[in-house]
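Written below as structure tokens is the structure these notes are about.
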Number of protein chains: 2
Amino acid sequence: MDKKIRIKDIAQMAQVSVGTVDRVIHNRGEVAQESYKKVMGILEKTGYKPNLIAKTLGSNKTYRIAALMPNPEQDEYWNQSIEGIKQAKEEWTQYGVQLQTFYFDLYDKKSYISLAETVYESNPDGVLTAPIFYQEAVRFFNLCKTQNIPFVLVNNNIEQAGSLSFVGQDLYQSGRVGAELLHLNEKENGTYAILHIYDDIHNSTHLNEKEKGFKDYFAEQNNGYTYKVISVDLNYTHEPTLEKELSELFNEPTLKGILVTTSKGAYTVSKLLEKNGKNGIRLVAYDLLEENLYYLKNGIIDFLINQNSKRQAFIAVSQLSNHLLFKKEASASYLFPLEIISRQNLTSYLNSKQH
Amino acid sequence: MDKKIRIKDIAQMAQVSVGTVDRVIHNRGEVAQESYKKVMGILEKTGYKPNLIAKTLGSNKTYRIAALMPNPEQDEYWNQSIEGIKQAKEEWTQYGVQLQTFYFDLYDKKSYISLAETVYESNPDGVLTAPIFYQEAVRFFNLCKTQNIPFVLVNNNIEQAGSLSFVGQDLYQSGRVGAELLHLNEKENGTYAILHIYDDIHNSTHLNEKEKGFKDYFAEQNNGYTYKVISVDLNYTHEPTLEKELSELFNEPTLKGILVTTSKGAYTVSKLLEKNGKNGIRLVAYDLLEENLYYLKNGIIDFLINQNSKRQAFIAVSQLSNHLLFKKEASASYLFPLEIISRQNLTSYLNSKQH
DNA sequence: GTGAAAGCGCTAACAA
DNA sequence: TTGTTAGCGCTTTCAC
């Protein structure tokens with residue numbers, strides 16, 4: 001009745017051998033019209049579902065996934081990603097998924113190009129990458145496509161790149177959430193700043209999305225108040241200049257809040273805001289980095305928006321593995337929720353197994 | 001080198017048969033001291049990890065899990081739980097996990113008792129339940145323990161019950177988050193209410209936790225302001241009385257905010273608050289129920305705290321399945337993050353695969 | 001075109 | 001106390 005039907009059963013019903021059934025299931029031809037139809041019919045009638053367990057055991061294949069990711073030592077955010085990859089590796093290794101990581105320099109396009117080449121030449125069965133460098137990534141993807149190597153993107157999306165899947169957040173909406181959190185319960189005119197602090201090379205597309213969301217949010221508030229929205233780009237490398245520019249920003253008399261879009265930048269802003277006195281300026285930043293937690297707890301940072309890079313990477317590997325092993329179709333985009341972290345719900349996130 | 005070692009390999013190294021190795025791995029005795037030690041040594045030296053795929057295929061066992069849960073038709077929150085269970089069923093059925101659901105009446109202890117009996121008599125391999133009724137649940141657990149049936153709890157915990165695992169949230173902290181969200185940026189004295197609206201039978205322990213957190217939060221604010229915290233219990237069944245009492249509450253002149261602890265109660269409060277005019281009273285409620293979403297979007301509800309009952313149930317089944325199939329030890333408590341839902345991050349939650 | 005059969009790693013029943 | 005062996009359901013090779 002409810003019992004599982006096996007290939008063997010199908011074969012029996014169709015009066016053919018398991019070999020033939022297998023051939024029609026996998027479309028590997030060499031099968032007579034008549035047999036094909038008969039088997040196909042029974043397959044559909046019975047709603048046959050293959051036993052995935054037996055399938056992976058039987059095929060005894062191994063798959064190689066290459067992960068082309070930023071060097072975890074350069075940035076805690078990316079370090080978390082690597083943790084997620086390691087976790088996924090642990091889980092999938094028993095299914096015959098092998099995972100090799102390639103770390104490129106976050107501030108050097110060339111290292112991406114050359115490692116992409118290495119990855120390509122290793123001829124993996126699947127690729128995972130964070131496409132930090134737009135042009136270079138696109139070129140890499142085109143290579144992958146020539147060899148039919150499926151690839152999944154994490155962190156930031158490149159539409160139309162032909163990826164198997166994108167795993168990350170809606171950055172536009174993320175900017176809106178940032179704006180909302182700064183604006184909560186404010187019943188006055190005021191200035192709101194979105195602040196991009198980056199090291200050297202600027203990955204603009206990524207941050208632009210957040211900025212667009214941020215601006216749109218305020219533009220849409222028609223409640224009688226007027227809001228001035230400013231966008232500030234600062235370079236991280238020259239500390240004195242940076243501090244000077246930030247101090248100027250803080251002195252803007254109507255400044256109500258700042259959204260710092262880069263997870264690392266939050267530290268500098270917080271430090272300075274702590275020194276200068278917070279003066280009612282709200283601060284929202286990204287990610288559960290150690291420094292951010294410190295400033296969240298002591299009230300300098302009001303909210304964090306969590307991007308959960310660890311789980312993003314974990315899911316990305318899983319999507320790819322499922323695709324390779326079980327031919328499961330991955331969802332074109334696997335969007336993560338925009339998690340709001342406050343002083344009170346922080347520990348519940350830190351304790352949660354899902355983070 | 002990095003190649004997987006099989007039982008066969010271990011047997012070869014230890015100069016015994018696979019049967020013997022299997023016996024020591026599973027501690028099923030009948031093995032000479034000497035062989036045992038030898039095999040054990042090699043097992044440890046090589047760090048042998050069984051191939052779970054082969055294991056499940058080979059053993060060809062099926063496990064029966066019984067889920068004793070509230071009737072999903074009585075409450076959308078519990079309906080979501082059942083969705084999570086169904087999802088988990090889908091995922092685990094291929095591993096030979098069978099899942100049978102038993103729905104008890106949310107407002108009738110007797111139905112719990114009698115169904116618990118039925119579950120017990122069906123002699124399942126594992127049990128999942130939401131221990132709404134404290135006493136009755138404890139009695140049921142004691143039964144389970146006599147038969148060594150592992151059981152996991154969802155939604156609310158019963159400490160010391162001897163469960164395999166608890167899946168849910170920290171309710172005390174949840175109350176604190178609710179308080180925080182009402183109190184955000186308020187720089188005045190004021191009254192804050194925690195409101196329990198329930199149908200009939202009152203499951204006090206559950207709500208008490210939230211209330212304690214709520215009160216503690218305000219008690220700890222030593223910022224020069226004084227807060228009056230009130231706790232209101234209302235019965236859902238008599239609508240006119242309910243509305244009258246709520247109106248009285250709204251008229252409290254210093255009232256700043258209300259936390260509604262029961263997901264269903266939020267609807268009534270919102271409706272009335274919409275009718276009477278919101279007047280700056282903040283409202284925080286629980287869960288992404290349809291009505292709540294409506295009132296969140298139109299600004300009556302300021303924040304929702306998401307309990308994600310669907311995923312709780314999903315995880316609970318997974319914990320149990322993993323335990324039965326793979327003897328994985330489940331974590332004693334699997335705590336979910338206290339997710340803050342605002343107007344701007346709502347869609348990211350609704351779209352997320354994890355919710 | 002098709003069927004038979006070995007094998008994936010593990011379990012468990014049965015012999016020895 | 002130990003070893004052997006026949007499965008579990010599917011894949012894949014090889015002979016017909």
Side-chain angles (χ1 to χ4, degrees), chain A residues 3-40 42-43 46-63 92-98 324-328, chain B residues 2-40 42-43 46-63 93-98 324-328:
Chain A
K3 222 173 151 186
K4 308 223 112 173
I5 30 181
R6 296 109 77 224
I7 282 192
K8 208 180 176 179
D9 302 318
I10 305 281
Q12 211 162 12
M13 297 183 209
Q15 318 240 56
V16 294
S17 73
V18 294
T20 305
V21 176
D22 189 70
R23 266 169 284 231
V24 353
I25 288 175
H26 297 93
N27 262 322
R28 30 177 169 258
E30 315 281 287
V31 116
Q33 273 286 328
E34 201 189 356
S35 312
Y36 182 86
K37 277 190 178 167
K38 205 156 46 167
V39 172
M40 214 46 183
I42 300 186
L43 241 28
T46 57
Y48 168 78
K49 286 263 169 66
N51 180 327
L52 265 18
I53 298 285
K55 183 171 170 147
T56 55
L57 185 61
S59 67
N60 198 29
K61 266 205 197 90
T62 69
Y63 294 93
W92 287 99
T93 189
Q94 55 170 300
Y95 293 84
V97 175
Q98 290 166 359
L324 293 173
L325 262 80
F326 304 132
K327 311 290 172 244
K328 277 193 196 161
Chain B
D2 205 34
K3 222 172 150 187
K4 306 226 109 172
I5 29 185
R6 298 109 77 223
I7 282 193
K8 210 180 178 178
D9 302 319
I10 305 281
Q12 212 163 12
M13 296 184 209
Q15 318 240 56
V16 294
S17 73
V18 293
T20 306
V21 176
D22 190 68
R23 268 171 287 239
V24 352
I25 288 176
H26 297 94
N27 262 323
R28 34 177 167 255
E30 315 282 286
V31 126
Q33 272 286 328
E34 201 189 355
S35 312
Y36 182 86
K37 277 190 180 168
K38 205 158 39 168
V39 171
M40 216 45 182
I42 298 186
L43 242 29
T46 56
Y48 169 78
K49 288 261 168 67
N51 180 327
L52 266 18
I53 298 283
K55 182 171 170 150
T56 55
L57 185 61
S59 67
N60 198 27
K61 263 204 200 94
T62 69
Y63 294 94
T93 190
Q94 55 169 302
Y95 292 86
V97 175
Q98 290 166 2
L324 294 172
L325 262 81
F326 305 132
K327 311 290 172 245
K328 276 192 196 163

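Quick note on labels: first sequence line is chain A, next is B, and so on, each numbered from 1. Any value given below was found using the heavy atoms of this structure, including those in side chains, with hydrogens, waters and symmetry copies removed.
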Please step through side-chain contact (heavy atoms from CB on, under 4.5 Å) for the pair B/Val97 and B/Leu324, ending with a clear verdict.
CA-CA 9 Å; B/Val97 175; B/Leu324 294 172; 5.8 Å; no
For residues 8-23 of chain A, which side-chain N or O atoms pair as donor and acceptor with protein atoms under 3.5 Å away, sequence neighbours left out?
residue	atom	partner	partner atom	Å
A/Asp9	OD1	A/Arg6	NH1	2.8
A/Asp9	OD2	A/Arg6	N	2.7
A/Asp9	OD2	A/Arg6	NH1	3.1
A/Ser17	OG	A/Gly19	N	3.3
A/Ser17	OG	A/Thr20	N	3.4
A/Ser17	OG	A/Thr20	OG1	3.4
A/Asp22	OD1	A/His26	ND1	3.3
A/Asp22	OD2	A/Arg28	NH2	2.6
A/Arg23	NE	A/Gly19	O	3.2

Which ones in residues 48-58 of chain A lie close to DNA chain D, meaning a heavy atom under 4.0 Å from one of its atoms?
A/Tyr48, A/Pro50, A/Asn51, A/Ala54, A/Lys55, A/Gly58
Can you pull out how bent the helix from C/dG1-D/dC16 to C/dA16-D/dT1 is, comparing the axes over its first five and last five pairs, to 10°?
50°
Contact check, side chains of A/Asn27 and A/Tyr36, non-hydrogen atoms, under 4.5 Å:
yes
Nearest-0.5 Å distance that lies between atom CG in A/Leu57 and atom OG1 in B/Thr56:
8.5 Å
Applying side-chain contact (heavy atoms from CB on, under 4.5 Å), run through B/Thr93 and B/Gln98 and close with a yes or a no.
CA-CA 6 Å; B/Thr93 190; B/Gln98 290 166 2; 5.9 Å; no
Between A/Leu52 and A/Leu325, is any pair of side-chain heavy atoms under 4.5 Å apart?
no
Please assess B/Val39 against B/Leu43 for the test side-chain contact (heavy atoms from CB on, under 4.5 Å), listing each intermediate value before the final yes or no.
CA-CA 6 Å; B/Val39 171; B/Leu43 242 29; 4.0 Å; yes
What's the spacing between A/Ile53 CD1 and B/Lys55 NZ if we round to 0.5 Å?
12.5 Å
At a heavy-atom distance below 4.0 Å, which nucleotide of DNA chain C is the first touched by chain B, and which is the last?
C/dG9 to C/dA12
For a quick check of understanding: with a heavy-atom distance under 4.0 Å over all strands, which category does B/Val16 fall into, base, sugar-phosphate or nothing?
sugar-phosphate
For the pair A/Tyr48 and A/Ile42, evaluate side-chain contact (heavy atoms from CB on, under 4.5 Å) and give the outcome as yes or no after the intermediate values.
CA-CA 8 Å; A/Tyr48 168 78; A/Ile42 300 186; over 6 Å; no
Heavy atom of residues 32-39 of chain B under 4.0 Å from DNA chain D: which residues?
B/Ala32, B/Ser35
Of all nucleotides in DNA chain D with an atom under 4.0 Å from a non-hydrogen atom of chain A, which is the first and which the last going 5' to 3'?
D/dG9 to D/dT12
Return yes if some donor-acceptor pair links the side-chain N/O of B/Ser35 with the main-chain N/O of B/Val31 below 3.5 Å, else return no.
no
